[in-house]
Trainee: 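Okay, handing you the structure first.
It should be emphasised that the depicted structure is a prediction, and the values quoted were computed from it without experimental measurement.
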Amino acid sequence: MADRVHRITMFKLPKSEDQQVMIKAYEKLWAAQPKRDGKPYILSMTAGPAEANERSQGYTFVAKSEFASVEDMKFYDDECEVHMELKKTVMSLQLDGKPLMVYLKPKIVVGA
């Protein structure tokens with residue numbers, strides 16, 4: 001897991017119905033992701049509403065994806081048609097500001 005690319009994207013979606021739309025969009029993305037070299041290029045994905053927290057700065061929905069490489073993540077951003085559909089879905093919702101995305105290659109991975 002330490003050599004994987006971990007990507008976290010956060011959205012400010014105040015409406016719970018918009019958050020439910022996002023869950024369905026991520027489910028579709030996972031199910032329909034294209035294959036690279038005969039296997040899925042997204043290694044794992046989690047997504048859902050953020051827990052209410054005074055430090056959340058208004059972000060209400062979080063998605064975390066893992067990729068084997070930065071190249072696979074770039075494919076996701078630039079070429080994956082299903083991800084392009086997800087982006088269109090995001091833009092159709094009541095989004096407060098732009099999504100925030102960060103990624104890392106962990107230097108430490110501990111625990112389960």
Trainee: Search all heavy atoms of D96 against all heavy atoms of P14 and return the closest pair with its distance.
Mentor: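 Scanning both residues completely, I find the closest heavy atoms to be OD2-CG, 3.4 Å.
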Trainee: Would you compute the distance between atom CH2 of W30 and atom OG of S65 and round it to the nearest 0.5 angstrom?
Mentor: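 Answer for the CH2-OG pair, W30 versus S65, is 8.5 Å.
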Trainee: By the definition side-chain contact (heavy atoms from CB on, under 4.5 Å), identify the one residue from V90, V62, T60 that meets it with M22.
Mentor: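 Only match with M22 under side-chain contact (heavy atoms from CB on, under 4.5 Å): V90.
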Trainee: Can you list the residues that meet the side-chain hydrogen bond (donor to acceptor under 3.5 Å, both in side chains) rule with D72, with sequence neighbours excluded?
Mentor: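 Result, side-chain hydrogen bond (donor to acceptor under 3.5 Å, both in side chains) vs D72: R36.
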Trainee: Say you draw a straight line from CD1 of I23 to CG of D18; how long is it, rounded to the nearest 0.5 Å?
Mentor: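 Rounded to the nearest 0.5 Å, the CD1-CG separation comes to 11.5 Å.
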Trainee: Might you confirm whether atom CD of E81 has over 12 heavy atoms from other residues, nucleotides or ligands at distances under 6.0 Å?
Mentor: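 Result for CD/E81: open.
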Trainee: Would you check if the side chain of K12 reaches a backbone N or O of Q57 as a donor-acceptor pair within less than 3.5 Å?
Mentor: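 Yes; at least one donor-acceptor contact below 3.5 Å.
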Trainee: So which atom in S69 and which in V5 form the shortest heavy-atom distance, rounded to 0.1 Å?
Mentor: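 That closest heavy-atom pairing would be C-CG2, 3.6 Å.
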Trainee: What residues form a ring-ring contact (aromatic ring centres under 6.0 Å, His included) with Y41, not counting sequence neighbours?
Mentor: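 For Y41, the residues satisfying ring-ring contact (aromatic ring centres under 6.0 Å, His included) (neighbours in sequence not counted) are F75.
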Trainee: Treat each ILVMFWY residue as a node, draw an edge where side-chain heavy atoms are under 4.5 Å apart, and state whether I42 and V70 are in one component.
Mentor: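 Same hydrophobic cluster.
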Trainee: Do C80 and P34 have side chains that get closer than 4.5 Å, going by heavy atoms?
Mentor: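 C80 vs P34: side chains touch.
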Trainee: Applying a strict under-4.5 Å side-chain criterion to I, L, V, M, F, W and Y, I'd like to know whether M10 and L104 cluster together.
Mentor: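 Same cluster: M10 reaches L104 through Ile, Leu, Val, Met, Phe, Trp or Tyr contacts under 4.5 Å.
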Trainee: If I take atom CG from residue D77 and atom NE2 from residue H83, how far apart are they, to the nearest 0.5 angstrom?
Mentor: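 Reported to 0.5 Å precision, the distance equals 5.5 Å.
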Trainee: Side-chain heavy atoms under 4.5 angstrom apart, residues restricted to Ile, Leu, Val, Met, Phe, Trp, Tyr: same cluster for L93 and V82?
Mentor: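 Yes, because L93 and V82 connect within a single hydrophobic cluster, where side-chain heavy atoms sit under 4.5 Å apart.
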Trainee: What is the distance from atom OH of Y59 to atom OG1 of T9, rounded to the nearest 0.5 Å?
Mentor: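 Rounded to the nearest 0.5 Å, the OH-OG1 separation comes out at 11.0 Å.
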Trainee: In terms of hydrophobic clusters joined by side-chain contacts under 4.5 Å, are M101 and F67 together?
Mentor: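 Yes; F67 is reachable from M101 via cluster members.
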Trainee: Can you name the closest pair of heavy atoms from A25 and T89 and give their distance?
Mentor: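 Looking at all heavy atoms of both residues, the closest pair is CB-CG2, 4.2 Å.
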Trainee: Does any non-hydrogen side-chain atom of K87 lie less than 4.5 Å from one of M84?
Mentor: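 In contact.
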Trainee: I'd like to know if the side chain of E66 reaches the main chain of M45, judged simply by a donor and an acceptor atom lying under 3.5 Å from each other, with no hydrogens or angles considered.
Mentor: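 Side chain of E66 to backbone of M45: no pair is present.
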Trainee: Taking side-chain hydrogen bond (donor to acceptor under 3.5 Å, both in side chains) as the definition, give me every residue that meets it alongside K28, ordered by chain and number, with sequence neighbours left out.
Mentor: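 E85.
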Trainee: Contact between Q33 and Y76 at the side-chain level, heavy atoms closer than 4.5 Å - yes or no?
Mentor: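 The answer is no; the side chains never approach within 4.5 Å.
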Trainee: Group every Ile, Leu, Val, Met, Phe, Trp and Tyr by side-chain heavy-atom contacts under 4.5 Å, then state whether L29 and Y103 land in the same group.
Mentor: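 Yes, it is one cluster - the side chains of L29 and Y103 are joined through contacts under 4.5 Å.
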Trainee: Kindly indicate whether the side chain of K15, heavy atoms from C-beta on, has any atom under 4.5 Å from the side chain of L95.
Mentor: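 No, every pair of side-chain atoms sits at 4.5 Å or beyond.
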